[in-house]
Every structure is written in structure tokens, then in C-alpha cells.
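Okay, so here's the structure we're looking at.
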Amino acid sequence: MREDDSNWFAGWEKELPSQLQLPSSQANSRVVWSQQLHERFLDAVEHFGINHAVPKSIMEFMDVDGLTRVEVASHLQKYRLYLQKMHHLMHAGVGSIS
DNA sequence: GGATGAATAT
DNA sequence: CATATTCATC
């Protein structure tokens, strides 16, 4: 069966590492929200509930060394805008494709 | 007096 | 466009 599928989600078949660490080379640079960082973030938000997820709790649940509350808050704002946009599209009617 | 979040800046 | 910073409010 599918032996050549070894590249399928490489690394995701294992557990996530207990603690991610931002490379020191970007410690003074903008945080690059990689897929794993995003997944940790989404897991935390959905764990607490969209209405109870606050940056400090998310930051502690993610347990990512080097990530600050303000950086999480910045992305949380963007995530909320993403949800709002999607919610708005539902009510607006998804008619205008193109 | 810090945490949160919308607005705003870079 | 993605992230950081500002700022008013809780």
C-alpha cells in the first residue's frame, strides 16, 4: 500500500514537539507564522473557545518560547478578521464569483 | 498598572 | 499583504 506516499504530511504523523522555539536569527525580526505555529494557534483558540480565547491564555497553551503576548494578539486580530470576513460572506450571499 | 483589541503604522 | 506598534479602554 502507498509506499511512495512517504512524503504525505511529512512530520505530521508524529506528535508535535512539546515546545517550539523561534530561531535566534529572527528574534529581532518579524515573526514568521509557519504552518506549525498556525496549527498551535488554532488548537489553542479552539480549545478555549473563540469567545474565551485571549492572547495570554493562547500564548501559554502554545508554549512557544520567544513568542510574546503582543505577537499572539496581532495574529489573533487577523484571525478574527478572517472569521468575520467569512461570516459576512455567508450573509452577503456568495453570488459574485469573478 | 497590566491585558485586551481596534486602528494605524511600517 | 503580513506583522508590529499605538492608543484608548477595561
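Below, chains carry the letters A, B, ... as their sequence lines are ordered, and counting in each starts from 1.
Taking atom P in both C:dC7 and B:dG1, one finds a spacing of 23 Å when rounded to whole Å.
Across the protein-nucleic acid pair, A:Asn51 atom CG and B:dT4 atom C1' stand 15 Å apart, rounded to whole Å. With rounding to whole Å, A:Glu71 atom CD is found 16 Å from B:dG5 atom P. Distance OH (A:Tyr79) to P (C:dT3): 16 Å, rounded to an integer number of Å. If you measure from atom CD of A:Gln77 to atom P of B:dT8, you get 11 Å, rounded to the nearest angstrom. If you measure from atom OH of A:Tyr82 to atom P of C:dT3, you get 15 Å, rounded to the nearest angstrom. Computed from coordinates, the A:Leu76 CG to B:dA3 P distance equals 15 Å when rounded to whole Å. When rounded to the nearest whole Å, the span between CG of A:Leu83 and C1' of B:dG5 equals 15 Å. Look at NZ on A:Lys56: it is 10 Å from P on B:dG2, rounded to the nearest Å.
Here the nucleotide nearest the side chain of A:Val70, chosen from B:dA3, C:dT5, B:dA6, is C:dT5. The side chain of A:Arg30 lies closest to C:dA2 when the candidates are C:dA2, C:dA4, C:dT5.
Using bins of under 30°, 30° to 60° and over 60° for the plane-to-plane angle, the ring pair A:His91/A:His87 lands in the perpendicular bin.
Counting any heavy atom pair closer than 4.0 Å across all strands shown, A:Arg80 reaches sugar-phosphate atoms only and no base atom.
Nearest approach of A:Leu37 to A:Val32, heavy atoms of both residues: CD2-O, 3.7 Å. Of all heavy-atom pairs spanning A:Met62 and A:Arg40, the tightest one is O-NH1, 2.9 Å.
Residues A:Thr68 and A:Glu71 bring a donor and an acceptor atom of their side chains to less than 3.5 Å of each other.
Contact between the side-chain N/O atoms of A:Lys78 and the OP1/OP2 oxygens of C:dT3 is found at a separation under 4.0 Å. In terms of phosphate contacts, A:His75 brings no side-chain nitrogen or oxygen within less than 4.0 Å of OP1 or OP2 of C:dA2.
Every side-chain contact (heavy atoms from CB on, under 4.5 Å) that A:His38 has, sequence neighbours left out, goes to A:Trp33, A:Gln35, A:His75.
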